[in-house]
There are 2 protein chains.
Amino acid sequence: MTERDAWSEQLRRGGLELAILLTLAPGRRYGLEIIRHLEAFTDLIVTEGTVYPILSRLTRDGLLAAEWVAGEGPHPRKYYRLTAAGRTRLAEMTDHWNTFTAKIARLIRAAEPRP
Amino acid sequence: MTERDAWSEQLRRGGLELAILLTLAPGRRYGLEIIRHLEAFTDLIVTEGTVYPILSRLTRDGLLAAEWVAGEGPHPRKYYRLTAAGRTRLAEMTDHWNTFTAKIARLIRAAEPRP
DNA sequence: GCCTCATACTTGGTGTCACGATGTATAAGA
DNA sequence: TCTTATACATCGTGACACCAAGTATGAGGC
């Protein structure tokens, strides 16, 4: 299904992981907070079923550290923050992102009708 | 395996289809030619096993048209060109790409240490 | 005429991953 | 007590790039 926007889903696949790490760069945040921030700040709609698996994977890989905090809200929250490894990795990924988008941008310019 | 660069592969997934369509925007090209052009023009390394399935899918979806041409090289070549639908779709995708990268760029700026 | 070698396209199997749906738990408010 | 909002977790699914191996064609050497 969803033949139309199958591609945009593909596109997100690469970007979402980076987007989540970037969201955590300024400081710790919990799951739903990340979702709301992404939507408010970039119009990127992501659901829980998408974000939680990514957060789990990033934590398992040592890029994030998780910490339960109770008493702040109606429900205990699991806060995530970047580890040192996560920060290093984020820098690498940002770098990679920039060079990759530059390549695509170059193709886009080459594809435009001659000016 | 390849835990390290698993992400960069993910990133390519979204961009490759766009990159291939962009490569075909100026005119028709055949499979290996697309691979060589991407490598020469953008340093993007893609193998046959990656490109041909994408070309098949895009053709099946009506975005590309294929045509066998013999006598040009040592082997008959299958040339691909954008259809009208493909051109429309390419414009949509380019648009989508631009807005998406703008969102990530915004996150990157927000993640930088305050200047 | 045979044998490499480069060209060119094809295909099957594999692993990864976002996404939707569903479920569980907690506590405030009516 | 019953609803509602918050918050996190997970299973199943389908899509898809990638690797590897395979097929076909003709040119050049000897």
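So you know, we letter chains A, B, ... as the sequences are listed, proteins then strands, and number each from 1.
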The side chain of [X] lies closest to which of these nucleotides: [options]?
X     : options               : result
A:I54 : C:dA18, C:dT10, D:dC8 : C:dA18
A:T50 : D:dA17, C:dA18, C:dT7 : C:dA18
B:R13 : D:dC16, C:dA8, C:dC9  : D:dC16
B:K78 : D:dC18, C:dC9, C:dA18 : C:dC9
A:R36 : D:dC8, D:dT6, D:dC16  : D:dT6

Just how far, in rounded Å, is [atom2] of [N] from [atom1] of [X]?
X     : N      : atom1 : atom2 : answer
B:L44 : D:dC18 : CG    : C1'   : 14 Å
A:L58 : C:dT16 : CG    : C1'   : 14 Å
B:H75 : C:dA6  : NE2   : P     : 16 Å
A:E17 : C:dT16 : CD    : C1'   : 12 Å
A:E33 : D:dA7  : CD    : P     : 9 Å
B:R57 : C:dT11 : CZ    : P     : 16 Å
A:Y80 : D:dA9  : OH    : C1'   : 9 Å
B:R77 : C:dA6  : CZ    : P     : 17 Å

Exercise for the section: Kindly state which residues belonging to residues 94-101 of chain A come within less than 4.0 angstrom of DNA chain C, counting heavy atoms of the residue only, listed by number. Expected result: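 Close to the strand, none.
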Practice task
Starting from the 5' end of DNA chain D, give me the residue, A:L32 or B:V51, whose nearest nucleotide shows up first.
Solution key: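 Taking each residue's closest nucleotide, the earlier one in sequence belongs to A:L32.
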With respect to the phosphate group of [N], does any side-chain polar atom (N or O) of [X] fall under 4.0 Å of OP1 or OP2?
X     : N      : value
B:T47 : D:dC18 : no
B:Y52 : C:dC9  : yes
B:Y30 : C:dC9  : no
B:R12 : D:dC16 : no

Practice task
Can you see which heavy atom on A:T50 is nearest to which on A:P53, and at what distance?
Solution key: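 The pair with the smallest heavy-atom distance is O-CD, 3.5 Å.
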Handout entry: NZ or CZ of B:R29 within 45° of B:Y80 ring axis and under 6.0 Å
Key =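 Judged by the rule (NZ or CZ under 6.0 Å from the ring centre, within 45° of its axis), B:R29 is not positioned above B:Y80.
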Problem - Face-on cation placement of B:R12 at A:F100 ring, 6.0 Å and 45° thresholds - result: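 No - B:R12 does not lie over the ring of A:F100 by the 6.0 Å and 45° rule.
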Distance, nearest 0.5 Å, that separates [atom1] of [X] from [atom2] of [Y]:
X     : Y      : atom1 : atom2 : result
A:L44 : B:L107 : CG    : CG    : 7.5 Å
A:R28 : A:Y79  : CZ    : OH    : 5.0 Å
A:T99 : A:I104 : OG1   : CD1   : 10.5 Å
A:R87 : A:R89  : CZ    : CZ    : 15.0 Å

Quiz: residues 57-65 of chain B side-chain donor-acceptor pairs under 3.5 angstrom, not counting sequence neighbours:
from	atom 1	to	atom 2	distance (Å)
B:R57	NH2	B:E17	OE1	2.3
B:T59	OG1	B:L55	O	2.7

Problem - A:G49 or A:P76, whichever maps to the more 5' nucleotide of DNA chain C - result: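 The residue closer to the strand's 5' end, by nearest nucleotide, is A:G49.
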Problem - Heavy-atom donor-acceptor pair, A:Q10 side-chain to D:dC16 base, under 3.5 Å - result: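 There is none.
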